[in-house]
Amino acid sequence: MRPRVLKSQTPEFRKFLAAILARRGADSAGIDRAVSKIIADVRKRGDRALIDLTAKFDGVKLTTATIRVTPAQRHRAIDRIGAEDRRALELAARRIADFHRRTMEKSFVYRDKSGMRLGLMVQPMRRVGIYVPGGLGAYPSSVLMNAIPAKVAGVAEIVMVSPPSAEGERLAVLAAAEIAGVDEFYRVGGAQAVAALAYGTETIKPVDKIVGPGNAFVQAAKRMVYGVADIDKMAGPSEVLVIADERAHPEWIAADLIAQAEHGSGDETAMLLTTSPSIADRVAEAVELALKSLPRARQVETALVKRGAVVIVRDLNEAFDLANEIGPEHLELDVRNPARWVPRVKAAGAVLLGPLTPAPLGDYLAGPNHVLPTGGAARFASPLGAYDFLKRTSIIEASRGAIAALGPVVAHLARMEGFEGHARAMELRARVTLAPSTKKKMRASPVRT
């Protein structure tokens, strides 16, 4: 299958672009109804609902005793995977932890000119849930990318959920959970797992935040439980957008488009924007050739038919304008001096510079998180990080001087908004600072109007 080749100024391309942008407002009413019923069922029946729904959707029969993966089972998995697998997971874990330690926020306190002491107390959440998808394969990388930032942030209890497989335990996932420091691991997935994390069951205690990618049902459930628990973002199907000039490597670009399209949902986005008609044709040809020997060629073809394209643009300025409009999860810059163009990027989950930096490097081992905003959310959302597992509390301590200087203004602002009680609460303190010798008398006096 040869991907479509379009020109940016044509009606065909504008139609294709409109379909890509329409993902932001996709109709999910049917999914929402189904998810709402699942959440209500879990809230009502707890573990029994998880057992029944897992049998229905995953084809696995659980009991109350087998919902949880024991620590011993996780630990044994490390010895059961190959030595090379273990080394790869441990290297990825070290790199991810090293990067996320650099993103940590710190508490601070300072005294301003009025004498007021102000600050921010930054501390980790106590208990968080991470969702790791199942589907076509095992995703130990998702375990590391979700759990390690939480561990770096200092979260006390990391709770992992992942759908079980009818084919048996995913040993790599169990081993990754042990390496990442997961505290609890449950064999449940889908919207029912999100509901269990938010509301709790007999076996699973509720968490403060739920993070991680998943299918449309998982994302709908995360959205519906927000407010009961915090969530990270609405992480949807994978996306890659490559910007290339005439010096790019067609076979490399073709491989990168295929890499993001092979996840299997059929809704992945894989696009090339290039200034070179020759590169466009050669990339399309390289994709067609590579698919002949690819194990997941059918899944890639489905995605490319729906959301794949090679697009010829007028110049790189137009390419970056389009990229910012789309806001892709991964943005690869296969152009001359890519660092020069970084300031032009206004909406992307991750920017990968140069031909030697494909998206899979970021997906597995570079260090920054692969849980990234999708569906255009890069316009306002950020990658998952240690900062997502921190909460902030303001610290305010007034002095006599601060109350004398700022109290009248606070009272004025309160009355502007019609809150006389606010103003009087402030003025009581202001009177004390103006006449400290009469403090006792003034506290007993009625408020003057």
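The basis for the numbers below is simple: all heavy atoms, side chains too, and nothing from hydrogens, waters or symmetry mates.
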Task: Contacts of type side chain to side chain donor-acceptor pair (under 3.5 Å), residue Tyr186, not counting sequence neighbours - done: Glu184
Nearest heavy-atom pair of [X] and [Y]: which atoms, and what distance?
X      : Y      : answer
Tyr199 : Pro206 : C-CB, 4.1 Å
Ala191 : Val218 : N-CG2, 4.4 Å
Ser399 : Ser114 : OG-O, 3.6 Å
Leu352 : Ala359 : CD2-CA, 3.9 Å
Pro140 : Ala172 : CB-O, 3.6 Å
Ala378 : Gly349 : CB-N, 3.7 Å

Side chain [X], main chain [Y], donor-acceptor under 3.5 Å:
X      : Y      : answer
His75  : Pro71  : no
Arg74  : Val182 : yes
Lys209 : Asp388 : yes
Asp245 : Arg336 : yes
Thr66  : Leu62  : no
Glu268 : Ser238 : no
Gln260 : Thr269 : no
His370 : Asp363 : yes
Asn369 : Gly385 : no
Asn324 : Lys346 : yes

Please determine whether a side-chain nitrogen of the Lys or Arg among [X] and [Y] lies less than 4.0 Å from a carboxylate oxygen of the Asp or Glu.
X      : Y      : result
Asp98  : Arg94  : no
Arg126 : Glu157 : yes
Asp41  : Lys37  : no
Asp183 : Arg127 : no
Asp267 : Lys306 : yes
Asp58  : Arg187 : no

Any side-chain heavy atom of [X] sitting closer than 4.5 Å to one from [Y]?
X      : Y      : result
Val211 : Val371 : no
Phe320 : Val345 : yes
Met271 : Leu273 : yes
Leu413 : Glu417 : no
Phe389 : Leu384 : yes
Ser141 : Tyr364 : yes
Leu17  : Val311 : no
Arg111 : Arg117 : yes

TODO: Report the C-alpha distance between Leu89 and Ile81 in whole Å, list the side-chain angles of each, state the deciding distance to 0.1 Å, and finish with yes or no for side-chain contact (heavy atoms from CB on, under 4.5 Å).
DONE: CA-CA 11 Å; Leu89 289 172; Ile81 63 173; 4.0 Å; yes
For [X], I'd like to know if atom [atom1] has over 12 heavy atoms of other residues, nucleotides or ligands within 6.0 Å.
X      : atom1 : answer
Arg80  : CZ    : no
Arg344 : CZ    : yes
Phe16  : CZ    : yes

Reported [atom1]-to-[atom2] distance for the pair [X] and [Y], which is rounded to 0.5 angstrom:
X      : Y      : atom1 : atom2 : value
Gln219 : Lys233 : CD    : NZ    : 10.0 Å
Met116 : Leu406 : CE    : CG    : 5.0 Å
Ile78  : Glu178 : CD1   : CD    : 4.5 Å
Ile326 : Glu239 : CD1   : CD    : 9.0 Å
Ile96  : Leu365 : CD1   : CG    : 7.5 Å
Gln123 : Leu390 : CD    : CG    : 9.5 Å

Open item on the list: Whether the Thr201 and Asp47 side chains hold a donor-acceptor pair (N or O, under 3.5 Å, no angle test) is what I'd like checked.
Closed with: yes
TODO: Please check if any side-chain donor atom of Thr64 sits under 3.5 Å from a side-chain acceptor atom of Glu202, or the reverse.
DONE: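 Distance-only check fails for Thr64 and Glu202.
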Open item on the list: Checking Phe185 against Val143 for the side-chain contact (heavy atoms from CB on, under 4.5 Å) test, could you report, in this order, the C-alpha distance in whole Å, the side-chain angles of both residues, the deciding distance, and whether it holds?
Closed with: CA-CA 11 Å; Phe185 182 2; Val143 179; over 6 Å; no
Apply salt bridge (Lys or Arg N to Asp or Glu O under 4.0 Å) to [X] and list each qualifying residue two or more places apart in sequence or on a separate chain.
X      : value
Lys205 : none
Arg223 : Asp32
Asp85  : none
Lys151 : none

Open item on the list: Could you walk me through whether Arg424 and Leu428 satisfy the side-chain contact (heavy atoms from CB on, under 4.5 Å) test, starting with their C-alpha distance in whole Å, then the side-chain angles of each, then the deciding distance to 0.1 Å, before giving a yes or no?
Closed with: CA-CA 6 Å; Arg424 294 181 183 185; Leu428 281 172; 5.7 Å; no
TODO: Go through Leu118 and Tyr110 one step at a time and tell me if the side-chain contact (heavy atoms from CB on, under 4.5 Å) criterion holds.
DONE: CA-CA 5 Å; Leu118 303 170; Tyr110 71 97; 3.4 Å; yes
Task: Qualifying residue, where the test is side-chain contact (heavy atoms from CB on, under 4.5 Å) with His330 and the options are Thr374, Leu372, Val351, Asp256 - done: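 Only one of Thr374, Leu372, Val351, Asp256 forms a side-chain contact (heavy atoms from CB on, under 4.5 Å) with His330, namely Leu372.
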Task: His422: ring pair (Phe, Tyr, Trp, His ring centres under 6.0 Å) partners, not counting sequence neighbours - done: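 Testing His422 for ring pair (Phe, Tyr, Trp, His ring centres under 6.0 Å), a comparison that skips the adjacent residues, returns Phe419.
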